[in-house]
Amino acid sequence: MSSDTITTRRATGGLHGTITVPGDKSISHRVAILGALAEGSMQVNNYLCSEDCLNTLRAMQQLGAEVTPGDCPQNFTLTGTAMAPAAPAKDIDCGNSGTGMRLMAGIMAALPFSSRMFGDPSLCSRPMKRIIDPLSQMGADIEACGEKPGCAPLQIKGRTLTPIHYELPMASAQVKSAVLLAGMLTAGTTSVHQPAITRDHTEKLFNHFGIPCTVSEDGLDIAINGPVHYRAQDITIPGDISSAAFWLVAASIVPNSEITLRQVGLNPTRDAIITVLRRMGADITISHVHNSGEPYGDITVRTADQLTGTVILKHEIPNLIDEIPVLAVAAAFANGSTSIRNAAELRVKESDRITTTVNNLRAMGANVEDFEDGLVITGGQPLHGAVMDSYHDHRIAMAFLMAGLHADGETTLLNCTNINTSYPGFEEHLRELIS
Ligand code: S3P
């Protein structure tokens, strides 16, 4: 369990050691949902036991899926409902997780019972219209009951849906997946076109379970033919590259560092953080790559000679959307300017990450300009520690604790318990790598 207030200071000896970051958050949500609808039992290894993913797993248990504990909390047997889930006896708590709520809305809309999903204040202020629109076009009955228009809680009256072709207005894997999951339970062909490549874990898992799904050569068009029936399949979830990203940046900026992160997911729709850090001059080596299903491997990072600013390309944004706060920290230590534009989606994450990243960079003395769709950082000058809010956003907390490892004085982040939503054990890893 993460502390509420965490302080870092200059890591004078560098970062050293080998760690295994927890399982991938995006894949864990999807494994819980797809496993819960499968026929039979599957062994799940390295599930992310963070609050977000445990909420999704508990929701699936409410639908009748069974979890039999294994040798550690991350490993368990998941027994599915063979496409015949039960109505949940009580409202479903999605906690802080937009992914959990949006993906589950896709299946709840198409199942023959009513459900209600709620979340914490951050989740209840995030847009749900983006999934309500396409699901309503399929015939779904979803009411956004939140104080803010178009926001959670969601009241869903499940019913038989009709297939659609949907042109995604934004590059969102969550919206794409909500539609495809609804399509999986709907007779006929449901298809989506996305304006840019987004993470393809749903498609990869369809493949893992033998669920027929077609993806166009350019990866932008995906179609599924429902309804499907499939058998459970054992799975081992790789480490989360979004969690690894904090250490990739920390070891790059802190002198005398060398760390290895084991068995990190290297899905090409998620690895732009490595491409961009290398372009900035980071010393990153990848080894022991395995390529079945979701690719993964070991990543070794040594202190960079000198990072240099870069321009993040439009198509790279969806691929590193969750890593932007920590990438902005790297940019503050890089010579020259780093431009991160076409990233308005940052405004509707767990916090408005353009505002929260800019506020905290400025608090540490960085030179940053903000725009409606992003930020431009002019780096190179030393940063100083500060007392900063995490704005109840796990990635803001961890990103600025990394900045503190190479800043003057003490860097204190307030309201850090949200780190548990994605990275249980973060503080232990921090202590281990700087000791
Ligand atoms: C996710 C997709 C991304 C990402 C989120 C997880 C997913 O959101 O920011 O943390 O698992 O599909 P969008 O697809 O809405 O951009």
Side-chain angles (χ1 to χ4, degrees), residues 22-34 47-48 50-53 55-56 94-107 119 122-123 126-134 150 152 166 168-181 192 194-206 220 222 237-238 240-246 265 267 269-273 294 314-327 340 342-354 356-357 373-374 393-396 398-399 418-419 421-423:
D24 186 272
K25 183 149 79 78
S26 293
I27 301 174
S28 294
H29 283 295
R30 288 159 169 82
V31 164
I33 294 170
L34 288 168
Y47 190 84
L48 174 59
S50 71
E51 282 169 16
D52 275 10
C53 298
N55 276 324
T56 296
C94 299
N96 187 245
S97 178
T99 310
M101 183 173 281
R102 294 189 179 117
L103 267 53
M104 285 194 280
I107 63 160
S122 153
L123 181 54
R126 296 177 64 189
M128 290 298 144
K129 189 174 176 308
R130 53 180 58 200
I131 51 113
I132 296 176
D133 281 350
Y166 190 62
L168 265 71
M170 74 287 284
S172 164
Q174 294 180 357
V175 177
K176 170 180 72 174
S177 301
V179 176
L180 292 174
L181 289 170
V192 296
Q194 47 181 355
I197 299 282
T198 64
R199 63 191 69 192
D200 66 355
H201 305 302
T202 303
E203 298 90 309
K204 282 211 158 45
L205 279 173
F206 282 159
L220 298 176
I222 304 110
I237 298 169
D240 197 326
I241 192 168
S242 298
S243 298
F246 299 105
N267 181 315
T269 64
R270 292 283 299 284
D271 67 355
I273 183 65
E294 288 280 355
K314 188 174 178 184
H315 76 265
E316 289 174 328
I317 293 291
N319 191 312
L320 48 62
I321 190 75
D322 293 339
E323 289 71 78
I324 289 176
V326 79
L327 182 59
I340 307 172
N342 302 294
E345 277 293 304
L346 288 174
R347 297 221 179 260
V348 290
K349 295 297 177 189
E350 287 83 330
S351 68
D352 169 349
R353 285 188 180 153
I354 295 178
T356 53
T357 301
D373 70 341
D393 183 332
H394 53 133
R395 300 204 196 278
I396 295 294
M398 291 184 276
N418 260 28
I419 290 175
T421 62
S422 70
Y423 198 155

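Whatever order the structure lists them in is the order used to number ligands and atoms, beginning at 1. Predicted model, so just to flag it, every value in this text is computed and none were measured. Reckoned from all heavy atoms, side chains included, excluding hydrogens, waters and symmetry mates.
Without hydrogens or angle criteria, Lys176 side chain to Arg199 main chain gives a donor-acceptor distance under 3.5 Å.
Protein residues with a heavy atom closer than 4.0 Å to ligand 1 are Ser26, Arg30, Thr99, Ser172, Ala173, Gln174, Arg199, Ile321, Asp322, Lys349, listed by chain and number.
Looking at Arg270 and Asp24, a side-chain N of the basic residue comes within less than 4.0 Å of a carboxylate O on the acidic one, giving a salt bridge.
Contacts of Thr202 classified as side chain to side chain contact (heavy atoms under 4.5 Å, CB included), with partners at least two apart in sequence or in another chain: Arg30, Ser177, Phe206. By the side chain to side chain contact (heavy atoms under 4.5 Å, CB included) test, Ala171 is found to be paired with Pro195, Ala196, Thr198, Pro318, residues two or more places apart in sequence or in another chain being considered. Listed by chain and number, the residues in a side chain to side chain donor-acceptor pair (under 3.5 Å) with Arg126 amount to none (sequence neighbours excluded).
For the 3.5 Å distance criterion, the side chains of Ser26 and His201 fail to qualify, holding no donor opposite an acceptor.
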